[in-house]
Amino acid sequence: MESFDAVVVGSGFGGSVTAFRLAEAGLGVCLLERGKAFPPGSFPRSPHEAAKNFWAPASRLYGMYDMWSFSKLDALVSSGLGGGSLIYANVLIRKPEKWFVHEPFDGGYENWPVTREELDRHYGDVEKMMDAQPYPFGVKPYQDTPKTIAMQQAARRLGLSWELPLLAVTFGDPPVPGVPIEGGENNLHHSPRQTCRLVGECDVGCNFGSKNSLDFTYLSAADRLGAEIRTCCEVRSFEPVPQGFQITYIEHGAASDGDPFHPPARHTVRAKRLVLSAGALGTTYLLLRNRSAFPALSPALGTHFSGNGDFLGLVFKAREKRDGRTVPRMLQPSFGPVITSAMVMPRTHDGETGRGFYIEDAGYPEFLNWLVEHNVLTLSHRVSRFLLRRGWSQLTHTARSQVGRQLGDAMGKGLFTATSMPLLGMGRDVPNGRMFLRDGHLDLDWDLAASDRYFDQMNETMQRISHSLGGRYASNPLWWLNRLITVHPVGGAPMGHNPREGVVDSFGRVFGYPGLSIADGSVMPGPVGPNPSLTIAALADRSAECMVEDDRKSHRTNRTRPS
């Protein structure tokens, strides 16, 4: 049986950082990722390929998108080498110092056992490794990004702070879209990379390698240091054994070689240290499934779930005054990376105390504009009108050989998408969700009513932003059905000061089980507030540093122990 110093389960922001730091310290590391690798150029774009880009191994689907559905909420996470970094919007924002709270909520207590000061050094290390930089808004052609200008103006009119957050994207020095990145092929894919092409495809996978995703940063560095990185390997069970842990996983052969008849193979490895980094849903699910092997796990397992306040709104049909006339205001959400800027609502709102949130501009690929503007009904109507005109010209022998205007009318003006822009909200909803197993499946009990005031404030602020841009506003229709969707699930194995309060301590070490750690979003005792990726990575960096020191202490103790 193969044996390692450490096995890391998952390659997201927790697992990748941990694997790198442990390999950097000279430990033998094996990282197990259930999904496959996605080098530049492999992300689907055709309808046929996109339909297969979901994670459902039972149906022989091994794609990138993994959708979990519960009674009050749907959650979208990623499956693939690099985890959530493959589909996130690149934003790296430090959790505000005042949001490391110690306060009760209905049914629980949100208590952060780590401070902003303790994380700042690790925040800096992650930002450097991810080569994070703000959107180069002051440089051509970036200074003319319509959605960024609109967000800046809306924030000024509403008296909200506005910022250009750090993005894990390569724009170049000087910034130039679509040029080769020098040395860009020095990665585990051995693929050349290009600077950001400003096409809004970050959330569907960047086919140009412009995103500094984890496969290009931490995982490539871990690979160079000798870490064993295994894809298509889904962990099913683990248990304590003498001197460590035994881990059993399934290797999805069909995912790795494309042969639908290649059956999964079962493998077992051992490790002195086990690090769970399968995400808030994946790690909690694994612990609940294997709880019989860990009877002393904290009763807090499954608690403190939240969606990090995720909320979606839409500005549409924006208009502005120009030369005394009201004209359409171009927002062009498909130009630029998905997110370029953010505005912040602090913990006070109109003189009242609120929980605080961020609102960010959102983009999407250009092909979605075509899908919206040229759907079957509208396009067939315009094309039919064009064909009738041509038929009438033929019947009446009308001499009109140049029909560019008529073809343009058939295509439509595309103003709906050009004057619309999604708004992404996230912040401090109430972390009162509890995950548990029902008939072997993960389920969630989450009382949305406790967060009503938070979501009402978010909804109202988005509406004010829309009106300040001369547009109309539509919130996520699921909200009116008392249902939400999140792409930032957190909690489930929260950190705490003791086993009654949390599953792990502030360094991610599982109470009662030396050598077992958790490094992902599940350790959050409450919502991060801004995009959680950076805080997950910073906590993992701090946790890995502690693991390395524990390992060194163990070696020193063994050397001084009498024979």
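Because only heavy atoms are used, hydrogens play no part in the values below, and waters and symmetry mates are left out as well, while side chains stay in. Remember, it's a predicted structure, so these values are computed and weren't measured experimentally.
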Practice task
Can you tell me which residue pairs pass the side-chain hydrogen bond (donor to acceptor under 3.5 Å, both in side chains) test with a partner in residues 521-532, sequence neighbours excluded?
Solution key: Glu360-Asn531, Asp520-Ser522
Could you work out, with salt bridge (charged side-chain N to carboxylate O under 4.0 Å, His left out) as the rule, every residue matching [X], not counting sequence neighbours?
X      : answer
Arg322 : Glu320
Asp66  : Arg34
Arg94  : Asp120, Glu127

By ring-ring contact (aromatic ring centres under 6.0 Å, His included) - contacts of [X] (at least two apart):
X      : result
Phe20  : Tyr218
Phe100 : Trp112
His189 : Phe216

Exercise for the section: Keeping to residues at least two apart or across chains, list the salt bridge (charged side-chain N to carboxylate O under 4.0 Å, His left out) pairs with something in residues 306-318. Expected result: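 Passing the test, one end in residues 306-318: no pairs.
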Exercise for the section: Would you list the pairs meeting salt bridge (charged side-chain N to carboxylate O under 4.0 Å, His left out) in which at least one residue belongs to residues 143-161, sequence neighbours left out? Expected result: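 Every pair satisfying salt bridge (charged side-chain N to carboxylate O under 4.0 Å, His left out) with a residue in residues 143-161: Lys147-Asp361.
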Fill in the blank from the handout: The side chain to side chain contact (heavy atoms under 4.5 Å, CB included) partner of Glu33 among Ser277, Cys232, Ser16, Ser79 is Ser79
Exercise for the section: Answer yes if the side chains of Ser306 and Asn308 hold a donor-acceptor pair under 3.5 Å, and no otherwise. Expected result: no
Handout entry: Exercise: do Asp74 and Trp68 side chains pair donor with acceptor under 3.5 Å
Key =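 Trp68 and Asp74 do not have a side-chain donor-acceptor pair below 3.5 Å.
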Problem - For Ser42, all residues meeting side-chain hydrogen bond (donor to acceptor under 3.5 Å, both in side chains), sequence neighbours excluded - result: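 side-chain hydrogen bond (donor to acceptor under 3.5 Å, both in side chains) list for Ser42, sorted by chain: empty.
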Exercise for the section: Would you confirm whether the ring centroid of Tyr62 sits within less than 6.0 angstrom of the ring centroid of His252? Expected result: yes
Show the atom names and distances, to 0.1 Å, of all donor-acceptor pairs under 3.5 Å that link a side chain in residues 162-184 to residues at least two apart or in another chain.
from	atom 1	to	atom 2	distance (Å)
Trp162	NE1	Ser341	OG	3.2
Thr170	OG1	Asn212	OD1	2.7

Side-chain donor-acceptor contacts of residues 43-51 below 3.5 Å, not counting sequence neighbours, with atom names and distances?
from	atom 1	to	atom 2	distance (Å)
Arg45	NE	Glu201	OE1	3.1
Arg45	NH1	Val204	O	3.3
Arg45	NH2	Glu201	OE1	2.7
Arg45	NH2	Gly205	O	2.6
Ser46	OG	Glu49	N	3.1

